[in-house]
Asker: 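Structure provided below as structure tokens; questions to follow.
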There are 2 protein chains.
Amino acid sequence: MGRALLDITMSLDGFVTGPGADLSHGLGIGGEPLHDWIVGEQEDADRMALDRTMAGIGAVLMGRRTFDLIDGPHGWSADDFRGERPAIFVLTSSPPSRVRLDGWFTFVTDGIGPALKLAQDAAGAQDVMIMGGGHLCRQYLYAGLVDELRVHVAPIVLGDGTPLFERTTLDPIRLVPRETTSTRHATHLTYDVPDREQR
Amino acid sequence: MGRALLDITMSLDGFVTGPGADLSHGLGIGGEPLHDWIVGEQEDADRMALDRTMAGIGAVLMGRRTFDLIDGPHGWSADDFRGERPAIFVLTSSPPSRVRLDGWFTFVTDGIGPALKLAQDAAGAQDVMIMGGGHLCRQYLYAGLVDELRVHVAPIVLGDGTPLFERTTLDPIRLVPRETTSTRHATHLTYDVPDREQR
């Protein structure tokens, strides 16, 4: 069974979007620099990080707002996939009545555990990527269901927006740094997340 | 005039201590791994980051709780300084009636701007280091008074504690990455903070 990877970009102060994120401003007010490492003039380490983001991914998990963006007018198209398109699972309490990218998505309403199970079954030997938003990511992280954490830290203090983390009474999570690369657009951090027993 | 450097360690989720930090547990519950890069089995990049932390520093600025720790029973001693001890300025609304390290500290009660001015005068051509806690650091950062930001990101998600950042309605602060090194104990990030006009 493949691993569960969490791969997300945040500001130094921990926001994955600026404030006021909506369908036409997915990254919120002032949040565009978060993705300079993806859409800007990439350095080699940015390209390598991006190549790795989708490498070996057999299924993707996302929350409802991330789906709304991706299925929205400024969202994804078939051209966004060089190789095979992974299975995409959307966690939501209320599946949408209409979908632009018909047939791309499977909607899951019974929680993060079952959704991960479905995604891992679909991915086979490949990995599952948890791609956002912040709320879904931290649910998986705090539940101990993430095997590898990739955080791209953009060089900006946003001050407000959608947080990746939040205060929690759970035990601290020790991470094992595996690789760090850095460019003028982002610091790409990769950590292994040990199983709870091993922490 | 020297620059104002902010140099602090935080968890990946932005806490500079765990919860319940007090005089006998300066790093709070579960917060000890924050300082593994300082007191643990250091790698070369940890040693270099630590050497640089105090290099060329002519004065230090700290908040009241940081002073309480440093002047407390588990705090600093003269042995902690290989070279000359920098001038130390403590921002507080109520200076303490007794000080263990007599003569080490100057207490400033009229705000972060005047305190920085005093520290810069004392430092001469050398730099001023803003060393904590989180509240003082973000006041200086958000006020646009920091020239260089050094954040040591420890590989841990603490979940609770003293935050370095907080939500603010101020404009985002673009940073210019200058150097990143990484060990199993910490990722050492160094950013220039451009003047507001240049952001």
Side-chain angles (χ1 to χ4, degrees), chain A residues 6 10-15 18-19 28-34 36-37 43 45 138 141-142 144 146 149 151 153-194 199, chain B residues 6 10-15 18-19 28-34 36-37 43 45 138 141-142 144 146 149 151 153-194 199:
Chain A
L6 195 167
M10 73 174 193
S11 63
L12 185 63
D13 55 341
F15 293 107
I29 297 165
E32 293 79 9
L34 289 172
D36 279 353
W37 73 274
E43 297 181 31
R138 68 175 172 263
L141 182 65
Y142 295 157
V146 172
L149 178 59
V151 183
V153 180
I156 188 168
V157 176
L158 277 175
D160 197 5
T162 310
L164 176 56
F165 302 102
E166 66 176 1
R167 281 184 194 266
T168 164
T169 56
L170 296 172
D171 283 344
I173 304 169
R174 296 290 296 260
L175 308 169
V176 180
R178 216 175 62 204
E179 192 187 337
T180 302
T181 61
S182 200
T183 72
R184 67 182 189 279
H185 298 308
T187 300
H188 307 285
L189 302 165
T190 303
Y191 300 101
D192 286 320
V193 188
R199 278 181 205 158
Chain B
L6 196 166
M10 72 174 193
S11 62
L12 185 63
D13 55 342
F15 294 106
I29 298 165
E32 292 79 9
L34 289 172
D36 280 352
W37 73 274
E43 298 181 30
R138 66 176 173 261
L141 182 65
Y142 296 158
V146 172
L149 178 58
V151 183
V153 180
I156 188 168
V157 175
L158 277 175
D160 197 4
T162 310
L164 176 55
F165 301 104
E166 66 177 1
R167 282 185 192 265
T168 165
T169 56
L170 295 173
D171 284 343
I173 303 169
R174 295 292 294 261
L175 307 169
V176 179
R178 216 175 60 205
E179 193 187 336
T180 302
T181 61
S182 200
T183 72
R184 69 183 187 279
H185 299 308
T187 300
H188 307 285
L189 302 165
T190 302
Y191 299 102
D192 287 319
V193 188
R199 277 181 206 157

Asker: Shortest non-hydrogen contact from B/Pro177 to A/Arg184?
Answerer: CG-O, 3.5 Å

Asker: Starting at OG1 of A/Thr187, measure out to NE2 of B/His188 and round the result to the nearest 0.5 Å.
Answerer: 12.5 Å

Asker: So what's closer than 4.5 Å to chain A heavy atoms on B/Thr169: side chain, backbone, both or neither?
Answerer: neither

Asker: Checking B/Leu149 against chain A: side chain, backbone, both or neither under 4.5 Å from a heavy atom?
Answerer: side chain

Asker: Highest number of heavy-atom pairs under 4.5 Å with chain A: which of B/Ile29, B/Asp160, B/Val157?
Answerer: B/Val157

Asker: Pick whichever of A/Gly18, A/Gly30, A/Gly161, A/Ser11 has the most heavy-atom pairs under 4.5 Å with chain B.
Answerer: A/Gly161

Asker: Let's test your reading of the structure: which of A/Thr183, A/Leu158, A/Leu164 forms the most heavy-atom pairs below 4.5 Å with chain B?
Answerer: A/Leu158

Asker: Please find the pair of heavy atoms, one from A/Pro172 and one from B/Ile156, that lie closest to each other, and give the distance.
Answerer: CB-CD1, 3.9 Å

Asker: What part of B/Glu166 gets closer than 4.5 Å to chain A, counting heavy atoms only: side chain, backbone, both or neither?
Answerer: backbone

Asker: How close do A/Thr180 and B/Ser182 get, counting heavy atoms only, and between which atoms?
Answerer: OG1-OG, 2.9 Å

Asker: Could you walk me through whether B/Leu12 and A/Leu189 pass the side chain to side chain contact (heavy atoms under 4.5 Å, CB included) check?
Answerer: CA-CA 10 Å; B/Leu12 185 63; A/Leu189 302 165; 4.0 Å; yes

Asker: Below 4.5 Å from any heavy atom of chain A, which atoms of B/Asp192 appear? Answer side chain, backbone, both or neither.
Answerer: neither

